[in-house]
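Position 1 is the first residue of the sequence; numbering continues from there.
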Amino acid sequence: MNEKNIDIKNILQHPRRSLGNRHRSQAEKFLKLGGDQKNMMWAEQNAKQAILYDFTNPENWHLLVEIKIMNKDDSVSYTHLTLPTILLV
């Protein structure tokens, strides 16, 4: 760790980050299809996978919370809503 100019973006870049984007995109697709409970289930599952692969992206968190609210899921907690803001600090 003798390098004086460490670029944090290069350190944080991880090959799995693109998987987070892919799962978020799939969740958005199923959310757009909407209507059917099965589509909403797939949207939520993909949103959770997006967070699993890239928890630093606030878009992933926002999408999951949006889906939970649309499903009237009572498990949406204060933690879900505040964690993305904590990550941005």
Side-chain angles (χ1 to χ4, degrees):
M1 300 292 305
N2 290 335
E3 295 178 26
K4 292 184 180 184
N5 296 329
I6 297 175
D7 186 10
I8 194 73
K9 285 186 179 183
N10 287 334
I11 291 173
L12 290 178
Q13 277 299 335
H14 195 279
R16 296 173 85 185
R17 183 163 294 184
S18 64
L19 284 174
N21 293 338
R22 175 200 267 166
H23 283 287
R24 186 180 68 249
S25 145
Q26 288 293 315
E28 290 169 342
K29 181 186 96 173
F30 283 112
L31 187 60
K32 221 178 245 188
L33 290 173
D36 187 7
Q37 185 60 29
K38 193 172 183 177
N39 287 335
M40 295 303 284
M41 179 193 70
W42 281 110
E44 183 174 344
Q45 182 176 349
N46 277 290
K48 287 178 181 178
Q49 287 292 320
I51 290 172
L52 177 68
Y53 287 116
D54 185 10
F55 64 89
T56 63
N57 188 339
E59 291 178 34
N60 296 341
W61 290 96
H62 291 284
L63 183 61
L64 178 61
V65 170
E66 179 183 341
I67 292 169
K68 292 269 192 188
I69 290 171
M70 289 177 77
N71 285 337
K72 297 181 178 147
D73 189 348
D74 293 335
S75 69
V76 176
S77 67
Y78 181 72
T79 306
H80 285 106
L81 298 174
T82 58
L83 190 54
T85 56
I86 291 170
L87 291 173
L88 293 175
V89 174

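- To the nearest 0.5 Å, the span separating CD1 on I67 from CE on M41 amounts to 12.0 Å.
- With respect to N60, the side-chain hydrogen bond (donor to acceptor under 3.5 Å, both in side chains) criterion is satisfied by exactly one of R24, H23, Q49: R24.
- When all heavy atoms are compared, the tightest approach of D54 to G20 is CB-CA, 4.3 Å.
- Taking CD1 of I51 as the start and CG of N46 as the end, the distance is 11.5 Å to the nearest 0.5 Å.
- A chain of hydrophobic side-chain contacts below 4.5 Å, direct or via other Ile, Leu, Val, Met, Phe, Trp or Tyr residues, connects W42 to L33.
- Counting heavy atoms from C-beta outward, M70 and L31 have side chains that approach closer than 4.5 Å.
- A salt bridge between K48 and E44 is present, with a side-chain N of the basic residue lying under 4.0 Å from a carboxylate O of the acidic one.
- Taking 4.5 Å as the limit, some side-chain heavy atom of N57 sits within range of a side-chain heavy atom of N21.
- In this structure, A47 and A27 approach most closely via the heavy-atom pair N-CB, 3.6 Å.
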